[in-house]
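Below is one structure, written out as structure tokens; comments come after it.
All of these numbers come straight from a predicted model, not from anything done at the bench. If you read the sequence from its start, that first residue is 1, and numbering goes on from there.
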Amino acid sequence: MKVLHVAQYIYNKNYKEFTKNKSGLGIMAQDICSALADYDEVFLLTHAITPGHKNKYTILRHTWLDVIKNLRLRNLCKGFKAFAFTKTTLRSKIHLMYYAINIGCLDYWIKKINPDVIHIHEYTPPMMGFVELCYEKNRPLVVTCHGLLGEKKCEQYIKDSEKKIVGLYNKKSFYLTTISTSIRDKLIKYYDVESDKKIKVVLNGIERKNIPVKAGSKNNYTLLCVGQLSERKNQGQVMEAVSMLDENLKNRIKLYLIGNDTLNGELLKKADELGLQSRVICTGFVERDKLGQYYEAADGLIVASLDEGFGLPIVESMMYGVPVVMFSDLDAVKDLYSEDAFVLVSRRTTEAFSEGIEELVNRSWDKALIQAHAQKFSLESMGMKYHEIYGECCLEKK
């Protein structure tokens with residue numbers, strides 16, 4: 001089966017043009033394509049300017065010449081309209097216009113490849129033109145929701161794209177997939193979904209590894225926060241919670257903030273203000289093949305995000321037998337929770353989260369049980385589930 005994936009971006013350290021965006025979504029889009037290449041002939045089109053690459057799957061060529069050659073008046077008008085009338089920042093207006101003029105490139109590759117299924121990752125405003133093109137062409141289509149937009153504090157035009165995708169789904173029900181059960185349930189609850197039969201949950205996965213269990217130290221504790229340093233990931237509250245711990249315990253903790261810093265050093269300043277300058281280490285972005293050494297040394301993973309659709313670091317840490325403390329209202333909890341691996345904090349207060357961290361470090365954990373739980377979330381099972389959905393999608397079009 002030929003499957004054409006469309007994503008805003010991916011992260012792949014082997015190609016320079018795909019190293020700029022280091023978000024979890026970019027990593028996951030890359031993993032999905034790679035996992036599906038075991039079952040299907042996979043092609044990927046992104047917005048990045050690239051000569052194209054062929055490895056386990058094919059990254060399609062997307063050059064400025066391709067953009068110009070495939071520019072259509074209709075899409076140019078769509079771009080000008082988005083630029084002129086969307087109430088947002090100048091940068092976002094340019095972003096919307098750029099994607100609009102790129103719709104012709106997707107049209108070109110659809111004609112050239114003639115894929116059996118098109119899989120679009122996200123339905124954010126820039127991607128809606130691509131969804132609409134596939135919808136108009138009556139192509140077998142799967143659209144993945146990596147997070148719910150409507151419940152977040154964001155601009156209205158972003159929320160409107162979510163309503164629009166549900167409207168298109170109701171008219172001609174293509175397949176919608178979500179990366180967690182909670183996101184699926186909220187999507188159905190918040191919007192007038194006429195039928196939920198084609199809204200499927202496909203949990204993200206990671207590569208299965210057999211990692212020897214290492215005994216932790218009870219004298220000192222290494223805690224990790226893995227993900228972009230940002231307001232959404234909420235590392236600031238984590239530091240506040242650590243600062244509230246008993247002095248003796250606090251002085252035995254090292255907190256590693258691992259991720260690309262989007263806050264321009266504000267967290268380190270906050271660490272100084274809280275008297276944690278010797279307790280907090282910001283590592284910057286760490287490649288996945290190097291993350292293992294941090295997980296191996298860790299006693300716990302801390303997740304205090306304001307929202308978290310799935311959370312790859314959660315599964316990655318459990319693969320190393322590392323327990324997790326997190327807020328219980330996060331979307332990821334429903335699918336990932338095990339009493340053998342988690343401390344859940346029900347109240348979103350710093351005091352409650354500090355108590356959760358204390359429980360994490362004081363509790364005796366069975367690392368083998370945590371690792372066994374992590375085995376449920378594999379790339380193989382994720383790839384197979386998407387492959388099955390593609391099969392259903394194709395059968396309906398015959």
Side-chain angles (χ1 to χ4, degrees), residues 7-31 34 46 48 91 146-147 204 206-207 209 211 220-243 250 252-320 322-326 330 332 353 357 360:
Q8 290 194 58
Y9 50 82
I10 61 167
Y11 179 79
N12 189 321
K13 67 175 184 177
N14 297 317
Y15 308 116
K16 185 179 179 181
E17 65 269 33
F18 295 115
T19 58
K20 294 178 183 178
N21 193 307
K22 299 177 173 66
S23 72
L25 175 58
I27 292 170
M28 202 60 241
Q30 144 73 20
D31 283 353
S34 183
T46 76
R91 182 177 180 179
H146 289 271
N204 291 335
I206 63 170
E207 181 183 356
K209 296 178 180 178
I211 300 163
N220 296 291
Y221 302 99
T222 298
L223 304 179
L224 309 181
C225 285
V226 182
Q228 279 191 341
L229 276 54
S230 63
E231 291 184 6
R232 187 176 77 85
K233 293 297 185 181
N234 200 25
Q235 292 95 341
Q237 188 177 17
V238 173
M239 291 194 297
E240 291 172 2
V242 170
S243 73
K250 180 170 62 179
R252 291 188 287 140
I253 284 176
K254 285 285 186 181
L255 176 63
Y256 287 81
L257 306 183
I258 302 173
N260 192 37
D261 187 1
T262 67
L263 298 175
N264 300 314
E266 288 300 315
L267 288 176
L268 280 179
K269 293 177 184 176
K270 188 179 184 73
D272 288 343
E273 293 168 3
L274 293 170
L276 296 175
Q277 57 268 37
S278 63
R279 304 287 100 203
V280 175
I281 299 97
C282 292
T283 66
F285 178 75
V286 176
E287 293 287 355
R288 293 178 83 186
D289 56 0
K290 306 291 186 195
L291 265 177
Q293 62 189 5
Y294 288 93
Y295 287 129
E296 284 180 353
D299 297 289
L301 178 77
I302 302 180
V303 181
S305 307
L306 302 181
D307 65 85
E308 197 69 67
F310 184 81
L312 277 179
I314 298 172
V315 182
E316 289 173 341
S317 69
M318 290 194 298
M319 193 68 74
Y320 286 83
V322 177
V324 182
V325 58
M326 64 189 295
L330 292 172
F353 205 72
I357 294 172
L360 177 84

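- One finds the OG1 atom of T46 at 10.5 Å from the CG atom of N21 (value rounded to the nearest 0.5 Å).
- Between R288 and D31 the shortest heavy-atom distance is NH1-OD2, 2.7 Å.
- The shortest non-hydrogen separation linking T19 to K13 is CG2-CA, 3.7 Å.
- The OH atom of Y320 sits 11.5 Å away from atom CG of L224, with the distance rounded to the nearest 0.5 Å.
- The distance from the CE atom of M318 to the CD1 atom of I206 is 8.0 Å, given to the nearest 0.5 Å.
- Between P313 and V303, the closest side-chain pair of non-hydrogen atoms is not below 4.5 Å.
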Pair up each side-chain donor or acceptor in residues 270-279 with any protein partner under 3.5 Å, not counting sequence neighbours, and list the distances.
unit_1, atom_1, unit_2, atom_2, d
K270, NZ, E240, OE2, 2.8
R279, NH1, N251, O, 2.8
R279, NH1, I253, O, 2.8

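- In plain terms, the two heavy atoms of V238 and I357 that are nearest each other are O-CD1, 4.5 Å.
- From L291, atom CG reaches atom CD of E316 across 6.0 Å, with rounding to the nearest 0.5 Å.
- The structure places CG of L25 at 11.0 Å from CD1 of I10, a figure rounded to the nearest 0.5 Å.
- Of all non-hydrogen atoms in K22 and I27, the two that sit nearest each other are O-CD1, 4.3 Å.
- Looking at D299, its side chain never comes within 3.5 Å of a backbone N or O of L223 through a donor-acceptor pair.
- Judged by distance alone, the side chain of Q235 and the main-chain N or O of Q228 form a donor-acceptor pair under 3.5 Å.
- Once rounded to the nearest 0.5 Å, the distance linking SG of C225 with CG of L257 reads 5.5 Å.
- With sequence neighbours excluded, no residue forms a side-chain hydrogen bond (donor to acceptor under 3.5 Å, both in side chains) with K254.
- When every heavy atom of Y256 is checked against every heavy atom of T283, the shortest pair comes out as CD2-CG2, 3.9 Å.
- The side-chain hydrogen bond (donor to acceptor under 3.5 Å, both in side chains) search around E17 returns T50, H53, not counting sequence neighbours.
- In this structure, L360 and Y221 have side chains that are not in contact, with every pair of non-hydrogen atoms separated by 4.5 Å or more.
- For D261, the salt bridge (Lys or Arg N to Asp or Glu O under 4.0 Å) criterion is met by no residue, not counting sequence neighbours.
- The side-chain hydrogen bond (donor to acceptor under 3.5 Å, both in side chains) check on Y11 picks up E287, with sequence neighbours excluded.
- Under the ring-ring contact (aromatic ring centres under 6.0 Å, His included) criterion, F18 pairs with no residue, sequence neighbours left out.
- Pairing each heavy atom of M239 with each of L267, the nearest pair is CE-O, 3.2 Å.
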